[in-house]
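Take a look at the structure set out below.
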Amino acid sequence: MSPSDLVSTPEAAKALGVSPRTLQRYVRAGLVTPEITLPSGQYRWNVAKLRRQIGIASEDD
């Protein structure tokens, strides 16, 4: 996976139709796992994997 496949939390949240805060709550609740966590604590996401984690079919499926 290349870094260009990863998006920030606000971008991932927008793709899912939720707020970035909601996505952060999902992480704390253990419902989803980011692809990577940067040293700064920020998350990076693969949107297709994120959709699978929460059971949302992507438009490509």
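Under the rule for a side-chain hydrogen bond (donor to acceptor under 3.5 Å, both in side chains), the partners of Ser8 that lie at least two apart in sequence or sit in another chain are Glu11.
Annotation: ring-ring contact (aromatic ring centres under 6.0 Å, His included) contacts involving residues 34-53, sequence neighbours excluded, comprise Tyr43-Trp45. Applying the side-chain hydrogen bond (donor to acceptor under 3.5 Å, both in side chains) test to residues at least two apart or on different chains, the pairs with a partner in residues 14-32 are Ser19-Thr22.
Taking all atoms of both residues into account, the shortest heavy-atom contact from Pro10 to Pro20 is CA-CG, 3.8 Å. When all heavy atoms of Val47 and Ala12 are compared, the pair lying nearest together is CG2-CA, 4.3 Å. Here the closest non-hydrogen pair linking Gln53 and Val32 is OE1-CA, 3.0 Å.
For the pair Leu16/Arg51, a side-chain contact is recorded, criterion being any heavy-atom separation below 4.5 Å from C-beta on.
We find the OG1-CG distance between Thr9 and Leu50 to be 9.0 Å, quoted to the nearest 0.5 Å. Atom CG of Asp5 is separated from atom CZ of Arg44 by 13.5 Å, given to the nearest 0.5 angstrom.
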